[in-house]
Amino acid sequence: VQSGQHPALTTAKNVETYRRQLRRLGLSHDRRRSVATTDPGYYRWTQWIFLQIFNSWFDPDLNKARRIEELVAEFDTCARTATTGDWSAMSASERRRELDQWRLAYVSDAPVNWCPGLGTVVANEEVTADGRSDRGNFPVFKRNMRQWKMRITTYADRLIDDLELLDWTDALKAMQRNWIGRSEGATVHFESHAGRLTVFTTRPDTLFGATFMVLAPEHPLVDALTTPEQAGAIAAYRAKAAAEDDFQRQNDSREKTGVFTGSYATNPMNGEQIPVWIADYVLMGYGTGAIMAVPCGDQRDFDFARTFALPIVAIQEPSDGRGTDASSWSEAFVGDAPYVNSANDSLDLNGLSSVAEATSRTNEWLVQHGHGEATVTYKLRDWLFSRQRYWGEPFPIVYDEDDNPYSLPDQVLPVLLPDTDQFSPRTFDPDDAQSNPESPLDRLEDWVWIEADLGDGPKRYRRDTNVMPQWAGSCWYELRYLDPTNKQMFVDPANEAYWMGPQGPGHPGGTDLYVGGVEHAVLHLLYSRFWHKVLYDLGHVSSVEPFHKLFNQGYILAAAYQDERGIYVDSFEVVEQDGQYLHDGKPVTREYGKMGKSLKNAIAPDEVCTEYGADTLRLYLMAMGPLDASRPWENKDIVGVYRFLQRVWRNVVDEETGSTRLLSEPAGVDTLRVLHRTIAGVRDDLDNLRFNTAIAKLIEFNNHLTKLGGCPADVADDLVVLLAPMAPHMAEELWTRLGHTASITFAPFPVADPALLVTDSVEYPVQINGKVRSRVTVAADAAPDAVEAIAMADEKVKAALGGNTPKKVIVVPGRMVNIVA
RNA sequence: GCCCGAGUGGCGGAAUGGCAGACGCAGAGGACUCAAAAUCCUCCGUUGGCAACAACAUGUGGGUUCGAGUCCCACCUCGGGCACCA
């Protein structure tokens, strides 16, 4: 399955068949929009799945999603207590609010990424490292807004752990692990006069070296900790930090800045009073927004301590011999080394040299004494799921007068987009951080307000005017492909089990093969795994994962040219002259990059198609290199595969008459051997997605036929069928001319005859000390001893040995002979 | 800084630890042609040699092995991802 394509396309032989199949499915072909999201069926089931998620919650005890009714039942029997107050005493409205806090899809007023240039909010995964939108490259601002989110964070562990079950590249798995960012450590409590300060650390074993603490400027306890004499400096620092957004803060120089609050906290290990500072290198959005600083073992803390003359205490004897007097160090020490200065009345780490052991002993001690516990934190945040666009699935949600969300009943699905002629979201000055989103649906008052009876009698409700992101449909479309016309459910469980069910114990199930670009690593591929796991937990699918084997194809690159100002110029207007590249007569520099508008180097496949035909375009793309490698497009290379196709054609068809011109003489054993080697090789290459070498083998076979003067009649069918997967149009045409009436699609793919894969005799290269000095031809079934004897008797070998007796002779059957002289 | 990849002719690239450069592009020569295009044939890593052949060659330096583009160690360069993440 190729991302974004309808299944009709994967079986269609040509555009007409594709359109016909689409018509049969009641769909239309629209190049600008993916088929999936224009189909009311997809809208309907995407909304239905959304409601499944909305009406479920995550049970941490079972580590899985469950239906919301089960939570209500547990509240009723007091098996679980509500987070706010007494469930049995709550009013209906209070109960709604309580439940809404548990849902896997929820509305919250929290920091989101607002992109005024696009006019919509976007997910964390859609923001680039430099704080811009991945589409359009507009600035993105963190703002509190009321938006839909999905509780993907509850699946963080399973999303990491189940990567083990998948046949994906290590690079892609690493990207997902990285993005989820699980770090194991401990939370530790430090007492202060303003209350308990809790920090997260991955190195609880270094607690004895914690000589100060740093809070994020936004930390809620900063006000209470700030002493009157420090109030001015703290306020000024916080104001400065607030004026900068996250991205500016991170892009600023890494000079350490910060201000002392004037207060101290107690290091629970040794009772020392350590100063509490604020600094912008501590982020409110990660961990607890507060850190303990261990300057001897962390470079950032070390820099901070040096800048502000804070104490540094060594807690390890550095392995590089610099000694334990930290005042003489020029950098922090990181690594395994024996602990020193690390003991109190009830815990002694001194002398240990294993971080793992010291960590587990510290964790035990923290729990025993009530100072903390082992904890895991994640970088992953909940998924921002609403957008302020027109195109997208509307939320099947309405709000009552108290702004509580209600799901619409299944019978009214799909909620279709209302008619309008104003599709664009309102966009703003890209830098106007204070602007507010306006969905195109907001303007359609007639659509927004509905009268409905959702159990409380007929009432007026307001529709949700957001739409779902483009990822919603792609989160589950592969499931719909298994059962595209089903009107009763999104996929029949029997179909899902047949196509995607686990193939044995420990197998996660999922599609057999998924080909897609690596740019989806932490977008589509993360989101769809999450949805799939929710559907699995709720019992709708039998597979644990949506995509079992994933293959990342490389990008097609093209030359891009920059003028002296560094601005990209149209690559088609660049000429090469004496090894120099010129645009408008001025020299430009060349680089290779992903094709696209920004580099002005896109090549329209239509033009290649018009000039050479679709088969040539397709074949060129497959032949130019391995599927997973990015490689440059070279117009001048296309002619190579074009010539190959023409040679095949001329070997089969007489260009004068248009009828076949096959050799009536049956193929000789040489030709049959080449044919069957080709069959075996092409099969193997196709199985392993090595299209480039499969094509090379076909070219070799065809070159062999060209030398024969044409194609013997008895191998013509095989030649054409071998070619069919890669040049389907021409193969179909040749097939017809060879007298077949049924489509070549249904012709069986040739099978190699093992008898024709072996030869009577084998040419052995004979090496002396690893260098080829001669070759001998030996019967294929000759015993190693016989091969050795023949090699030793060879004139060139004798001459090269000069009468000396070899120390050793190695015969690799069927491969070679190596003589050690 | 951390995590993934990748470095082979003029170019794109081939090579289960076993003849490095398959196949294609570009280039050179030839046949056909009045000529050109197209087509077909031959050559085509570097150096030396008329040649047979020899030496050197898969980013650099070591190692393992009868044998290394392939495996191991260190380094260099390029591409991608993440990053004041505690």
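We use all heavy atoms of the structure for the numbers below, so side chains are in, but hydrogens, waters and symmetry mates are not.
Between A:His219 and A:Ile278, the closest side-chain pair of non-hydrogen atoms is not below 4.5 Å.
Classified by its glycosidic torsion, B:rG27 falls in the anti category, the angle being over 90° from 0.
The two residues A:Val222 and A:Pro217 come nearest to each other via the heavy atoms CG2-O, 3.9 Å.
The phosphate of B:rC40 has OP1 or OP2 within less than 4.0 Å of a side-chain N or O from A:Arg650. A:Lys771 has no side-chain polar atom (N or O) that falls below the 4.0 Å cut-off from OP1 or OP2 of B:rA55.
Taking every side-chain heavy atom of A:Tyr281 into account, B:rC84 is the closest of B:rU39, B:rG5, B:rC84. Side-chain atoms of A:Lys707 lie closest to B:rU42 of the nucleotides B:rC85, B:rU42, B:rU39. Nearest nucleotide to the side chain of A:Pro626, out of B:rG12, B:rA14, B:rC66: B:rA14.
In the model, A:Glu611 has no side-chain atom that pairs as donor or acceptor with a side-chain atom of A:Tyr642 under 3.5 Å. Between the side chains of A:Asp157 and A:Tyr378, at least one donor-acceptor pair of N or O atoms lies under 3.5 Å. Side chains of A:Asp382 and A:Thr153: a donor-acceptor N/O pair is present below 3.5 angstrom, by distance only. A donor-acceptor pair shorter than 3.5 Å can be found between the side chains of A:Thr375 and A:Thr187.
The line from NE2 of A:His371 to OG1 of A:Thr362 is 12.5 Å long, rounded to the nearest 0.5 Å. The CZ atom of A:Arg177 lies 14.5 Å from the CG atom of A:Leu380; values are rounded to the nearest 0.5 Å.
Atom CD of A:Glu373 has 12 or fewer neighbouring heavy atoms from other residues, nucleotides or ligands inside a 6.0 Å radius. At most 12 heavy atoms of other shown residues, nucleotides or ligands fall within 6.0 angstrom of atom CD in A:Glu607.
Using atom C1' as the reference point in both B:rG9 and B:rG21, the two lie 7 Å apart (nearest Å). Taking the C1' atoms as reference points, B:rA6 lies 14 Å from B:rG13, given to the whole Å. Nucleotides B:rA55 and B:rG7 are separated by 28 Å at their P atoms, to the nearest Å. If you take atom P in B:rU77 and the same atom in B:rG61, they sit 16 Å apart, rounded to whole Å. Here the separation of B:rG24 from B:rC71, taken at their C1' atoms, is 31 Å to the nearest Å. One C1' atom belongs to B:rA20, the other to B:rU39, and the distance between them is 32 Å to the nearest Å. Atom C1' of B:rA22 sits at a distance of 13 Å from the matching atom of B:rU8, rounded to the whole Å. Atom P of B:rU64 sits at a distance of 15 Å from the matching atom of B:rC73, rounded to the whole Å.
Mapping A:Glu634 and A:Val518 onto RNA chain B by nearest heavy atom places A:Glu634 closer to the 5' end of the strand. Residue-to-nucleotide proximity on RNA chain B shows that, of A:Ala171 and A:Lys808, the 5′-proximal contact is made by A:Ala171.
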**OP:** Show your working on salt bridge (charged side-chain N to carboxylate O under 4.0 Å, His left out) between A:Arg775 and A:Asp794 and close with a plain yes or no.
**Re:** CA-CA 8 Å; A:Arg775 288 157 209 287; A:Asp794 183 74; over 6 Å; no
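Distance, A:His219 NE2 to B:rA86 P: 17 Å, rounded to whole Å. Between the P atom of B:rA86 and the CG atom of A:Asp205 lies a distance of 14 Å, rounded to the nearest Å. As a whole-Å value, the separation of A:Asn769 CG from B:rC19 P is 17 Å. Straight-line distance from the CZ atom of A:Arg177 to the C1' atom of B:rA83: 18 Å, rounded to whole Å. Here the P atom of nucleotide B:rC82 and the CG atom of A:Leu523 are 10 Å apart, to the nearest Å. Rounded to whole angstrom, the span from the CG atom of A:Leu215 across to the P atom of B:rC84 amounts to 19 Å. Put simply, CG on A:Asn635 is 14 Å from C1' on B:rG12, counting in whole angstrom units. Atom P of nucleotide B:rG67 and atom OH of A:Tyr764 are separated by 20 Å, given to the nearest angstrom.
Seen from the ring of A:Trp179, A:Arg529 does not count as a face-on cation partner, given the 6.0 Å and 45° thresholds.
Salt bridge present: A:Asp298 and A:Arg300 bring a charged side-chain N and a carboxylate O closer than 4.0 Å.
Looking at RNA chain B, the stems built from 3 or more consecutive Watson-Crick or G-U wobble pairs, each pair with its key distances under 3.5 Å, are B:1-7 with B:76-82, B:10-12 with B:23-25, B:27-31 with B:39-43, B:45-48 with B:53-56, B:59-63 with B:71-75.
Taking the side-chain hydrogen bond (donor to acceptor under 3.5 Å, both in side chains) definition, one finds that A:Asn552 meets it with nothing, sequence neighbours left out. For A:Phe304, the ring pair (Phe, Tyr, Trp, His ring centres under 6.0 Å) test picks out A:Phe212, A:Trp277, A:Tyr281, A:Phe308, with sequence neighbours left out.
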Subject >> Per-nucleotide protein contact string for nucleotides 20-31 of chain B, where B marks a base within reach and S marks sugar-phosphate only (heavy atoms under 4.0 Å, - for neither) >> reply: --BSSSS-----
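Checked against A:Tyr620 for a ring-ring contact (aromatic ring centres under 6.0 Å, His included), the options A:Phe691, A:Tyr612, A:Trp633 give a single hit: A:Trp633.
For B:rC84, the base has a donor-acceptor partner in the side chain of A:Lys256 [N/O atoms by modelled type, under 3.5 angstrom].
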Using atom names, set out every protein N or O paired with an N or O of nucleotides 45-53 of chain B below 3.5 Å, distance rounded to 0.1 Å.
none

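Taking every heavy atom of residues 809-820 of chain A and every atom of RNA chain B, pairs under 4.0 Å involve A:Ile810, A:Val812, A:Arg815, A:Met816, A:Asn818, A:Val820, by number.
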